[in-house]
Amino acid sequence: MGTARPVSFRTIPTASGGITRLACEKLRENGKDVSTILTKAGLIAETVNDPAARLEAGAQIKLLEIAAEELDDELFGFHLARRFDLREIGLVYYIIASSQHLADALANAERYSRIVNEGVRLRCSLSEGAAVTLEYVDVDRRLDRHHIEFWLVTLVRICRQVTSSRLAPRRLRVRHFRPDPPADFKSFFGTEVEFRSEIDEIALSAPVASLPNVGRDPYLNRLLCRYAEEALASRTTKRASTASQVEKLLPELLPHGRADVAEVARRLGTSARTLSRKLHEEGAPFAEILDELRKALAKRYLDEQELQISEIAWLLGYREVSSLTHAFKRWTGTTPRQFRLSVGARGKKRDIGLPS
């Protein structure tokens with residue numbers, strides 16, 4: 001099951017990058033060339049090493065798949081999620097931990113998890129217990145196993161830690177397929193995992209959902225929720241900017257070679273000078289927006305195997321394939337063809353049930 005393609009790079013879901021940084025630590029421990037692996041996933045080491053930088057959610061998913069191959073660990077996401085300190089999640093974890101009951105904690109997780117990762121949306125239903133569904137937003141779920149398993153393990157660990165219990169889900173369903181369900185899954189989750197389901201879901205019984213949180217603190221919870229609301233509002237404001245208006249127009253203009261400041265300004269009913277000034281005030285010069293958008297769209301177009309690379313070059317406003325190749329190597333360190341082959345190889349392995 002696929003997802004809708006985002007129109008602009010600022011609407012492409014991002015993540016705080018905690019999972020990526022955990023994966024990089026594991027790769028370093030095993031003597032792997034982290035910079036090269038990051039390049040394969042479309043990430044840059046300098047950005048990943050900056051704890052304040054947000055990363056593209058799709059690239060994070062891709063990194064985990066590549067890391068699993070490099071480490072020959074068929075359960076990489078599962079293993080990775082079992083070993084980290086949950087407090088590293090930050091504000092969202094403390095909101096969950098200070099909630100009154102587990103059901104309240106899960107409702108708060110639904111609202112505030114966007115701060116951590118915009119590519120995964122939690123849906124919490126509190127009828128007949130509690131059910132948390134994980135939905136991918138503008139990210140292709142078909143390309144993922146390790147990232148979703150990281151999320152499932154982490155959510156179960158959080159539920160157990162905040163209630164100080166060894167609770168087990170009533171039901172656990174995932175969309176992807178594993179031909180031989182690992183015994184480690186049943187041992188950890190305490191229930192059978194249903195593969196090839198229509199949804200990704202953790203369901204808890206009513207008695208479990210009503211368990212009190214051992215660290216409940218109504219005052220702290222209200223305070224932290226206020227901070228989280230401010231964080232959500234800040235991200236919404238950033239997206240409703242002049243830059244995002246520009247980004248919505250560019251994909252339409254790129255194929256016709258008209259993606260320049262003058263044409264965009266005309267479409268927005270302003271002058272080129274005024275538009276440039278506003279973009280600089282927002283810290284997003286036109287050239288930077290154009291370059292980042294082309295980079296993001298190039299990766300997504302290359303995922304579509306039916307699109308010829310020459311067609312992709314045209315869609316991005318390049319007259320020659322060589323121009324696209326040069327730009328793509330600058331962005332990712334690899335060529336469009338190499339990038340497509342790496343994505344296709346991983347997808348093919350999954351389709352026939354081989355380890356990836």
Side-chain angles (χ1 to χ4, degrees), residues 1-14 33 35-45 47-48 55-67 69-70 119 136-144 147 246-260 263-264 286-352 354 356:
M1 181 173 180
T3 53
R5 296 290 179 186
V7 177
S8 68
F9 85 90
R10 285 177 191 256
T11 59
I12 291 170
T14 63
D33 184 348
S35 293
T36 299
I37 295 170
L38 287 173
T39 298
K40 291 180 182 178
L43 293 166
I44 300 172
T47 305
V48 171
L55 310 177
E56 197 178 313
Q60 178 164 264
I61 290 171
K62 188 178 297 182
L63 174 68
L64 262 64
E65 296 292 323
I66 297 172
E69 292 180 2
E70 290 285 338
Y136 276 36
V137 181
D138 289 330
V139 176
D140 194 342
R141 172 66 177 87
R142 295 171 300 177
L143 300 177
D144 175 37
H147 185 260
V246 171
E247 293 151 10
K248 289 178 182 178
L249 288 172
L250 286 176
E252 175 188 346
L253 300 173
L254 277 168
H256 307 288
R258 299 167 66 188
D260 54 51
E263 179 60 21
V264 171
F286 184 86
E288 179 182 314
I289 293 174
L290 179 60
D291 195 57
E292 289 290 338
L293 177 62
R294 277 174 158 165
K295 172 184 173 182
L297 289 178
K299 292 179 183 178
R300 274 146 186 77
Y301 292 152
L302 285 165
D303 281 345
E304 304 293 347
Q305 297 293 323
E306 65 272 17
L307 277 177
Q308 298 293 321
I309 290 180
S310 58
E311 293 176 312
I312 295 173
W314 176 77
L315 286 169
L316 296 176
Y318 293 112
R319 294 185 177 181
E320 304 290 341
V321 171
S322 59
S323 299
L324 169 61
T325 301
H326 177 76
F328 200 82
K329 288 190 73 173
R330 173 170 58 82
W331 294 326
T332 67
T334 188
T335 69
R337 296 184 192 282
Q338 291 168 337
F339 180 87
R340 170 168 277 177
L341 285 172
S342 67
V343 171
R346 288 194 294 278
K348 185 175 181 181
K349 284 182 180 180
R350 274 183 287 278
D351 290 341
I352 64 176
L354 293 176
S356 64

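To the nearest 0.5 Å, atom CG of residue L290 and atom CG of residue L254 are 6.0 Å apart. Taken to the nearest 0.5 Å, the CG atom of L55 stands 12.0 Å off from the CD1 atom of I61. A distance of 9.0 Å separates OG in S342 from CD in E69, rounded to the nearest 0.5 Å. Atom CD1 of I66 is separated from atom OG1 of T36 by 11.0 Å, given to the nearest 0.5 angstrom. In this structure, NE2 in H256 is found 9.5 Å from CG in L315, a value given to the nearest 0.5 Å.
Although no hydrogens or angles enter the test, the distance criterion places no donor-acceptor pair under 3.5 Å between the side chain of R141 and the main chain of Y136. Between the side chain of Q338 and the main chain of T335, a donor-acceptor pair closer than 3.5 Å is present. Side-chain N or O atoms of R300 include one that pairs as donor or acceptor with a backbone N or O of A296 at under 3.5 Å. When atom types are taken as modelled, the side chain of E311 and the backbone of Q308 share a donor-acceptor pair closer than 3.5 angstrom.
Shown here for G333 and T39, the closest heavy-atom pair between the two residues is CA-CG2, 3.7 Å. The shortest heavy-atom contact between Y301 and L316 is CE1-CD2, 3.8 Å. Here the shortest heavy-atom pairing between Q305 and L302 reads NE2-O, 3.8 Å. W331 and A298 get closest at one heavy-atom pair: CZ3-CB, 4.0 Å. Scanning all heavy atoms of the two residues, the minimum distance from G119 to A57 falls at CA-CB, 4.0 Å. Scanning both residues, A41 and A59, for their nearest heavy atoms gives O-CB, 3.5 Å.
Under the 4.0 Å criterion applied to side-chain N and carboxylate O atoms, K40 and D33 are not assigned as salt-bridge partners.
Considering only heavy atoms from C-beta on, L324 stays 4.5 Å or farther from K329 through its side chain. Using a 4.5 Å heavy-atom cutoff, the side chains of T14 and E56 are not in contact. A 4.5 Å side-chain heavy-atom check between R340 and R337 finds every atom pair outside the cut-off. Side-chain contact between T332 and K299: present, with at least one pair of heavy atoms (C-beta onward) separated by less than 4.5 Å. The closest side-chain heavy-atom distance from I312 to P336 is not below 4.5 Å. In this structure the side chain of V139 never reaches within 4.5 angstrom of the side chain of D144, judged on heavy atoms. Side-chain contact between L38 and T47 is absent, with no heavy atoms from C-beta onward closer than 4.5 Å. Side-chain contact between V321 and T325 is present, with at least one heavy-atom pair separated by less than 4.5 Å.
Relative to the six-membered ring of Y318, R294 meets both conditions, a distance below 6.0 Å and an angle of at most 45° to the axis.
Summarising the local packing, CZ of R319 is surrounded by 12 or fewer heavy atoms from other residues, nucleotides or ligands at distances under 6.0 Å.
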